[in-house]
Amino acid sequence: MIQPIIDDHVIARLRSLINGAKNVVITCHLSPDGDAIGSSLALCHVLQRLGKNATVVTPDMVPKSLLFLPYMRDVVVYTNSELRARNIVEQAQLIFCLDYNDMHRIDKLGELILRQSAPRVVIDHHLNPSDAFDLTISFPELSSTCELVYRVLLQMRMLNLIDRFAAQCLMVGMMTDTGNFTYGSENPELYEIQASLMRRHIDRNRLYNMAMNTFSADSLRLQGYALSEKMQLFPEKGAALITLNQDELKRFNYRRGDTEGLVNKPLSIPGIFWVVFFRQDPEYIKVSCRSQGNFSVNEICEKYFNGGGHLNAAGGEFYGTMEQAVETYMHILEETPDTTNQEQIS
Ligand code: 5GP
Ligand code: MN
């Protein structure tokens with residue numbers, strides 16, 4: 001039995017906002033991941049079945065590994081079709097903000113949305129949602145925004161609108177945000193939701209292979225190189241650092257998505273419970289952090305890397321050289337107490 005967690009008055013308000021809108025826009029965060037795009041596509045599909053004119057608008061391109069999701073061709077990408085995106089957003093009577101907690105997370109699209117008078121509904125599981133929303137449905141303790149969208153639909157008595165396509169999208173988001181149910185996935189209700197999605201005749205194994213287990217040869221070689229040559233371990237701090245600069249990325253013909261999952265790998269080493277990965281993108285150094293147990297990488301990303309995220313998975317951006325980024329890391333390391341404290345290792 002899945003327990004209701006959202007207040008009845010929030011559900012009632014959401015129902016009235018949906019009833020009052022014909023044109024609905026659904027947005028998700030920059031560099032959409034499986035949870036961001038999965039929750040957006042699923043909600044969009046459900047709203048369309050309700051008779052709404054619903055469109056997903058993403059701030060930038062969806063990675064190649066997720067293009068197989070149903071109805072992806074209807075997604076409007078702001079950076080590819082700015083005028084079209086602007087038109088759609090300006091016509092909207094209701095705007096959903098999925099899988100992000102702050103308008104800064106969607107760049108120029110955020111500025112556009114902030115200029116609109118249409119009410120904004122956030123459905124998200126990141127910590128500390130900002131006050132830029134008219135209705136906030138935020139549950140940081142949940143595995144994924146996809147899980148939360150399912151719960152919203154459950155409480156709105158709209159589960160019948162989740163068809164096979166929407167079920168695929170929700171499954172992919174729950175899967176990708178939990179490493180295929182290997183972390184953040186202790187709540188038994190998650191498996192009840194999974195079972196309910198499976199009853200819509202989805203091919204879970206195929207979804208896993210497409211969304212999480214498809215890598216090019218270049219990508220595998222790059223990850224192998226990173227682990228073999230570029231991973232530094234600091235066992236006394238329970239820490240690992242991986243860096244990849246532009247030359248190295250070029251050498252392996254780096255494409256977006258090629259380092260997906262790399263930051264998790266050092267966590268498999270006994271005693272290593274937090275990992276930082278610096279990747280030198282053209283505009284800035286992209287920071288990705290992961291941890292286990294109660295070690296908060298979210299705080300590190302907020303304090304040092306203009307970012308945020310969750311307790312155990314967070315990210316941000318560093319503006320400077322790789323040497324400066326590593327210097328900052330060394331400073332963080334110094335501030336981190338030596339660990340003989342096994343409690344930190346879950
Ligand atoms: P990833 O390391 O996979 O890029 O991101 C992990 C988590 O951190 C995701 O939940 C994502 O939303 C969050 N995150 C990643 N990059 C940023 C960022 O630049 N700013 C903020 N606030 N969160 C981020
Ligand atoms: Mn998410």
Side-chain angles (χ1 to χ4, degrees), residues 33 127 140 143 176-186 212-213 215 219-249 251-252 254 257-281 284-346:
D33 56 14
L127 295 158
S143 69
T176 51
D177 258 28
T178 60
N180 200 24
F181 302 95
T182 58
Y183 49 80
S185 48
E186 290 75 20
M212 300 188 69
N213 199 28
F215 294 97
S219 153
L220 284 185
R221 291 202 167 93
L222 173 63
Q223 297 212 18
Y225 166 77
L227 292 173
S228 149
E229 309 291 323
K230 301 302 304 282
M231 178 177 71
Q232 289 174 263
L233 299 177
F234 305 92
E236 67 287 1
K237 305 283 185 183
L241 170 69
I242 297 176
T243 64
L244 287 173
N245 64 33
Q246 288 245 298
D247 286 344
E248 291 163 328
L249 294 168
R251 184 164 9 131
F252 291 92
Y254 171 78
D258 279 358
T259 54
E260 202 56 50
L262 174 63
V263 63
N264 291 294
K265 296 277 177 3
L267 288 178
S268 56
I269 303 168
I272 298 297
F273 59 86
W274 66 289
V275 186
V276 174
F277 169 38
F278 293 137
R279 188 188 63 221
Q280 193 171 39
D281 286 354
Y284 49 74
I285 291 177
K286 175 68 198 157
V287 182
S288 271
C289 297
R290 296 292 185 274
S291 68
Q292 284 169 343
N294 56 14
F295 189 93
S296 167
V297 282
N298 175 57
E299 282 170 23
I300 291 177
C301 287
E302 266 175 27
K303 190 166 168 193
Y304 295 100
F305 300 121
N306 309 298
H310 312 277
L311 177 75
N312 294 137
E317 294 154 9
F318 181 86
Y319 293 85
T321 62
M322 187 59 91
E323 289 69 32
Q324 290 165 332
V326 171
E327 242 170 64
T328 302
Y329 175 82
M330 291 304 167
H331 172 72
I332 299 167
L333 213 52
E334 265 168 37
E335 285 198 333
T336 307
D338 280 6
T339 179
T340 43
N341 179 4
Q342 289 300 310
E343 273 172 19
Q344 293 237 347
I345 305 168
S346 66

Heavy-atom distance under 4.5 Å between the side chains of R279 and S288, does that happen here? no
Checking R251 against Y225: charged group under 6.0 Å from the ring centre and within 45 degrees of the axis? yes
Do side-chain atoms of K230 reach the backbone of T243 as a donor and acceptor pair under 3.5 angstrom? yes
N312 and S291: CA distance, side-chain angles, deciding distance, side chain to side chain donor-acceptor pair (under 3.5 Å) verdict: CA-CA 5 Å; N312 294 137; S291 68; 2.9 Å; yes
Less than 4.5 Å apart, side chain to side chain, heavy atoms only: is that true for D281 and K286? yes
Side chains of L244 and L262: closer than 4.5 Å at any heavy-atom pair? yes
Please answer whether the main-chain N or O of L267 pairs with a side-chain N or O of W274 as donor and acceptor at a distance below 3.5 Å. no
Check the orientation of F278 and Y329. Use parallel for under 30°, tilted for 30 to 60°, and perpendicular for over 60°. perpendicular
Could you measure the distance from the CD1 atom of I242 to the CD atom of E229? Nearest 0.5 Å is fine. 12.5 Å
Does E260, at its CD atom, have more than 12 non-hydrogen atoms belonging to other residues, nucleotides or ligands within less than 6.0 Å? no
If you count heavy atoms of other groups shown closer than 6.0 angstrom to CD of E299, is the number above 12? no
Output yes when a side-chain donor or acceptor of S185 lies under 3.5 Å from a complementary backbone atom of Y183, and no otherwise. yes
Close side-chain approach of T339 to E236, heavy-atom, < 4.5 Å: no
Are F318 and Y284, when compared by the centres of their aromatic rings, separated by less than 6.0 Å? no
Check: T336 main-chain N/O paired with K237 side-chain donor or acceptor under 3.5 Å: yes
How many angstroms lie between atom CD of E317 and atom CG of N306, to the nearest 0.5 angstrom? 6.5 Å
